[in-house]
Amino acid sequence: MTTLLIADDHPLFREALRGAISRAVPDARLREAHNVDALYAMVESEPDADLLMLDLNMPGVHGFSALVHLRAQYPQLPVLMVSAREEPAVMRRALDHGAAGFVPKSADAETLGRAVVQVLDGDRFVPEAAVSAPAVTSHEHDVAARLRDLTPQQFRVLQMLGDGMLNKQIAYELHVSEATVKAHMTAVLRKLGASNRTQAVLIAGKLAVDPDPDEIPPDAR
């Protein structure tokens, strides 16, 4: 049985996805996640899933960071991005960071179903507008490579830092000691090539959907 994973925080859009998928792949078994924590738990519990449909704009996903992390941890799992963002450059960045396809949320059910079937068949679904968009820069590729080196727990710590959480808050959420969080933080800084927490967040911010290069210090580039 084909297993499809859906990660989107909007109930109405998840319902629309279910309808489109049921018509395109009638025998599919669907699992859903409404937030980023549920997303990672779902993927971990379904290592043999056939496809993940991931909302680029879901809170906590932090731009393309979640895509990069999931592709590193689960290279066998194709990811089809869905988003209300339809700029060709955004689509191209998703594809360059490992997405198997990109579907705008404005697409009709037939297009969505075709994208799902195409990716399940082992092909990519590439919107025509994305083909001529500029490729990801070498610096952004380098940042993505650094993020791929993070363990799942280190990546979670980095994401929580990006949300402005303190060490004690991170420790509480992860059910670990503050000493463990500090150890993870040390590893994160080393792997990202950052000298402090702020610089680590700014480096990871290069993978935001709308990165601001002016906010990244010269020594973090």
Side-chain angles (χ1 to χ4, degrees), residues 7 36 39-40 43 51-58 60-104 115 119 122-163 184-221:
V36 73
L39 161 64
Y40 296 131
V43 174
L51 174 64
L52 167 64
M53 303 186 71
L54 176 62
D55 177 15
L56 177 62
N57 304 102
M58 187 165 72
V61 165
H62 294 284
F64 300 99
S65 294
L67 170 63
V68 169
H69 174 67
L70 289 168
R71 292 295 298 142
Q73 297 297 315
Y74 307 95
Q76 79 287 353
L77 177 64
V79 180
L80 179 61
M81 302 298 295
V82 291
S83 178
R85 298 291 295 265
E86 302 185 19
E87 301 95 318
V90 172
M91 298 181 189
R92 177 62 183 268
R93 289 175 71 200
L95 295 166
D96 284 355
H97 284 306
F102 191 106
V103 182
V119 173
D123 297 324
R124 301 182 84 204
F125 186 83
V126 181
E128 185 177 347
V131 176
S132 57
V136 165
T137 65
S138 59
H139 174 62
E140 187 169 336
H141 268 305
D142 177 63
V143 172
R146 298 187 215 179
L147 257 65
R148 282 194 290 271
D149 281 342
L150 300 180
T151 67
Q153 201 79 320
Q154 290 165 2
F155 181 74
R156 291 290 305 284
V157 168
L158 177 61
Q159 285 194 309
M160 291 178 180
L161 283 179
D163 290 332
H184 286 318
M185 193 67 255
T186 298
V188 168
L189 296 180
R190 175 175 53 80
K191 290 181 178 181
L192 292 186
S195 58
N196 55 54
R197 299 160 60 102
T198 300
Q199 193 179 63
V201 171
L202 291 177
I203 291 174
K206 186 63 178 176
L207 296 187
V209 177
D210 296 302
D212 185 352
D214 293 333
E215 292 186 358
I216 301 178
D219 56 351
R221 295 181 183 177

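For the single chain, residues carry numbers from 1 onward in sequence order. Everything quoted here is computed from the prediction, not taken from an experiment.
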How close do [X] and [Y] get, heavy atom to heavy atom, and via which atoms?
X      : Y      : answer
Arg92  : Pro134 : CG-O, 3.3 Å
Gln159 : Gly60  : NE2-O, 3.0 Å
Val68  : Ala144 : CG1-O, 3.5 Å
Ala100 : Leu95  : C-CD2, 4.4 Å
Ala204 : Leu158 : CB-CD2, 3.9 Å
Ala66  : Tyr40  : CB-OH, 3.6 Å

With sequence neighbours excluded, tell me which residues meet side chain to side chain donor-acceptor pair (under 3.5 Å) with Asp142. Arg146

With sequence neighbours excluded, residues passing side chain to side chain donor-acceptor pair (under 3.5 Å) with Asp123: none

Can you find a pair of side-chain heavy atoms, one from [X] and one from [Y], that are under 4.5 Å apart?
X      : Y      : answer
Lys191 : Thr151 : yes
Tyr74  : Val79  : no
Glu140 : His97  : yes
Met185 : Leu161 : yes
His62  : Asp163 : yes
His69  : Leu147 : no
Val201 : Arg197 : no
Pro127 : Glu86  : no

Are the side chain of [X] and the backbone of [Y] linked by a donor-acceptor contact shorter than 3.5 Å?
X      : Y      : value
Arg93  : Val209 : yes
Gln154 : Leu150 : no
Arg71  : Leu77  : yes
Asp96  : Val136 : yes
Arg124 : Ala99  : yes

Atom [atom1] in [X], atom [atom2] in [Y]: separation rounded to 0.5 Å?
X      : Y      : atom1 : atom2 : value
Leu54  : Phe64  : CG    : CZ    : 10.5 Å
Arg190 : Asp149 : CZ    : CG    : 9.0 Å
Leu70  : Arg148 : CG    : CZ    : 12.5 Å

Assess the residue pair Asp55 and Val61 against the criterion (side chain to side chain contact (heavy atoms under 4.5 Å, CB included)); give the C-alpha distance rounded to whole Å, side-chain angles, the decisive distance to 0.1 Å, and a yes or no. CA-CA 8 Å; Asp55 177 15; Val61 165; over 6 Å; no

Short N-O contact, Asp210 and Arg85, less than 4.0 angstrom: yes

Check against side chain to side chain contact (heavy atoms under 4.5 Å, CB included), Leu52 and Leu39: CA-CA 10 Å; Leu52 167 64; Leu39 161 64; 4.0 Å; yes

Does Glu128, at its CD atom, have more than 12 non-hydrogen atoms belonging to other residues, nucleotides or ligands within less than 6.0 Å? no

